[in-house]
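Accompanying notes for the structure given below.
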There are 2 protein chains.
Amino acid sequence: MAKPPRAFVRPPTAQEAVLVELRRRILTAELAPGVQVLQEAFAEELGVSRVPVREALKILAGEGLVRYKPQHGYFVTEHSGEELLEVYRIRQLLEAEAVRVGLGGLTLAGLAAMDAEADAVESAARQGDVAALIAANRRFHFTLFEASGRKRLVRLISQLWDAAEPYRASYFADQDNRATVPSEHRELAAAARRGSVPEVVRLLDAHRGRGMRALQGTEGFSG
Amino acid sequence: MAKPPRAFVRPPTAQEAVLVELRRRILTAELAPGVQVLQEAFAEELGVSRVPVREALKILAGEGLVRYKPQHGYFVTEHSGEELLEVYRIRQLLEAEAVRVGLGGLTLAGLAAMDAEADAVESAARQGDVAALIAANRRFHFTLFEASGRKRLVRLISQLWDAAEPYRASYFADQDNRATVPSEHRELAAAARRGSVPEVVRLLDAHRGRGMRALQGTEGFSG
DNA sequence: ACGACGGATAATGTATACATTGCTGATCGA
DNA sequence: TCGATCAGCAATGTATACATTATCCGTCGT
C-alpha cells in the first residue's frame, strides 16, 4: 500500500503545464480573486509564449475559475458571500448524493485510505503546513465521494470545492480552525466504517457548515 | 412586453463566433459524439485561422462538451448510458432545489413567459420544427429555474442539459414523443401557478423521467 | 476651469510560419 | 511471409509578427 513518491511527469504540452500552475496559484489565492491575469507577463515568467497561456485560461474560463471579458482579458473569478453560500448549498445536495450512492460500496482499502488521509491532515495541521493540509483534507473527502463511482458527480463537487478554495486559504491559516478539523474527520471515518448513511451525511453537513460559518466570519463577506 | 426581434450582434471576437457555432453543431449532433473536430478544416470553413478555433475548443473542453487528448486533438464527448443516467439523476436533485428556492418568487411575468414558451413548444411540435422545439422547451424550463435567482445553480443545470442534448436530437424527431410534451408543460405551468412546490417537483420528475426512458429506448444504450 | 478631442501606449486578438508528434505504409532484411 | 525500420504525411503544438482595441493623458478650445 505504500505509495511510491509520485513519478515526475513532465506535462506533454506547455498548455498543460501552464494550466497546472495557473490553477495552483488561483486556488492558493496567490492570484487573488478579482485580479487580472496578464498574459504577457505570465507567459514570460513561465518561459512560454502567450498562446499556451491563453489556452490554459480558456479552460479555466470554461470551468468558471476565471472570467473572460472580450478585449479586456481574464480575471480570477470573484464570489460574493451569497454566491459562496450557494456553492455550499449545492455541495450539500451533491455530497449527500455521493454518500448515499457510495457508502455501501466503500471498500476496506477506501476506509484505510480515509484513515491515512485523516492522519495526514492532522500532522499537517500540527506542523502548520497549510498547503499539505488542504491537499490531504481534499483527498480525505474525495476518497469518500469517489466510492460512489460517479465521475460526473465527483467532478461537479470538485469544481464547487475549487470555487470556494481561494477564500479558504486564510481560514486554515488560523490555529483554532486547524484544531477542530481532525477530530471531525475521525468521527466521519468512524461513521463511514459503521456504514450509516444518515450519520455520515449529518456529520458532513455539520463539518461543512462549520467551514462555511468560519468563512463568513473571516472574509470581506458582502456582495 | 413584446420582445423586439433580437438585435443582431456580431460577436466581438472570432473565438466567440466560433464558440457559438461549435456549440450549436455539437448540441444538434451535427457533430456527433465521438467524432474529432479537425481544427484546420473547421477553421477554413468558418474563414478564420486555427487559433480562435482552438480557443473555442478549450472553452468547450472546460465545460465538458469536448474531450482533449494531447497530441490528438478534440473529440465530441461521448456519454455511456450509465453516464446519461447520472446526468438525469443530478438534474433531478438540482432542478428540485431550483424549484424549492424559486417557485415562491416566480413573478406573474415569469408565469406568462412560461405560458408563452409552452405555446411556442406546441406550435413548433406541430410544425415539426425540431430546432425551434428544443429552444422553446429549454426556455420554458429555464424560466422556472431562473426564478431561483441562483446563477451558479442554473448554470450547472444548463451544463447538464447540454451533456444530454446531442442524444435527444433523435428523440424529438419522433412524432409521438413530440405529442406528449406540450400537455405536460401545461400541467407544469398550472402547478407553478398554484405555487405548489411538491406538485411541480413531482411533475418535473415525471416529465424528465419520460424523456430519459425514451432516450434509453432509442439509443445505442450501452457502455 | 471644464470638457472634448486625439495621439501614444499597452494590452488583447488573430494570422502566419515553423516545430513537433503520431501514424501510415512501403521498403528492407531475415 | 513476417517483422521491423524508416521515410513521408498529416495533424497538432508553439512562437512570432502584425492588427485591433481600450485606456491614459496631455492639449486644445471654449
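As the structure is a computational prediction, the values presented were derived from the model and not from experiment.
Taking a 4.0 Å limit (strictly below) on heavy-atom distances, residues 47-59 of chain A reaches DNA chain D at A:V48, A:S49, A:V51, A:P52.
Atom pair B:Q15:CD and C:dT14:C1' shows a separation of 9 Å (rounding to whole Å applied). Rounded to an integer number of Å, the gap from CD of B:Q39 to P of D:dT12 is 4 Å. Whole-Å rounding puts the A:L38 CG to C:dG13 P distance at 12 Å. At whole-Å resolution of the value, CZ in B:F42 and P in D:dA11 are 16 Å apart. Nucleotide C:dA11 holds its C1' atom 9 Å from the CD atom of A:E40, rounded to whole Å. Here C:dG22 presents its P atom at 13 Å from CZ of B:F75, a figure rounded to the nearest Å.
The side chain of A:Q71 places no N or O atom within less than 4.0 Å of a non-bridging phosphate oxygen (OP1 or OP2) of D:dT20. OP1 or OP2 of C:dG13 has not a single side-chain nitrogen or oxygen of A:H72 nearer than 4.0 Å.
In this structure A:R100 satisfies the side-chain contact (heavy atoms from CB on, under 4.5 Å) test together with A:A96, A:E97, A:V197, B:R89, B:L93, sequence neighbours excluded. By the side chain to side chain donor-acceptor pair (under 3.5 Å) test, B:D129 is found to be paired with no residue, residues two or more places apart in sequence or in another chain being considered. Applying the side chain to side chain donor-acceptor pair (under 3.5 Å) criterion to A:S49, with sequence neighbours excluded, gives no partner residue.
Nucleic acid contact class of B:V18 (heavy atoms, under 4.0 Å, all strands): none.
Considering only side-chain atoms of A:Y68, the nucleotide from D:dA11, D:dG13, C:dG13 that sits closest is C:dG13. The side chain of A:Q36 lies closest to C:dT12 when the candidates are C:dT12, D:dA22, D:dT12.
Put simply, the side chain of B:Y74 does not reach to within 4.5 Å of the side chain of B:K69, judged on heavy atoms.
Salt bridge absent: A:E83 and B:R152 never bring a charged side-chain N and a carboxylate O closer than 4.0 Å.
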For residues 16-30 of chain B, tabulate all N or O donor-acceptor pairs below 3.5 Å that involve a side-chain atom, not counting sequence neighbours.
| residue | atom | partner | partner atom | Å |
| --- | --- | --- | --- | --- |
| B:E21 | OE1 | B:R24 | NE | 3.3 |
| B:E21 | OE2 | B:R24 | NH2 | 3.0 |
| B:E21 | OE2 | B:R25 | NE | 2.7 |
| B:E21 | OE2 | B:R25 | NH2 | 3.2 |
| B:R23 | NH2 | B:E63 | OE1 | 2.7 |
| B:R23 | NH2 | B:E63 | OE2 | 2.8 |
| B:R24 | NH1 | B:E30 | OE1 | 3.2 |
| B:R25 | NH1 | B:E45 | OE2 | 3.1 |
| B:R25 | NH2 | B:E45 | OE2 | 2.7 |
| B:T28 | OG1 | B:R24 | O | 3.0 |
| B:T28 | OG1 | B:R25 | O | 3.3 |
| B:T28 | OG1 | B:E30 | N | 3.4 |

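Residue pairs meeting the salt bridge (charged side-chain N to carboxylate O under 4.0 Å, His left out) criterion with at least one member in residues 153-165 of chain A, sequence neighbours excluded: A:R138-A:D162, A:R138-A:E165, A:E165-A:R168.
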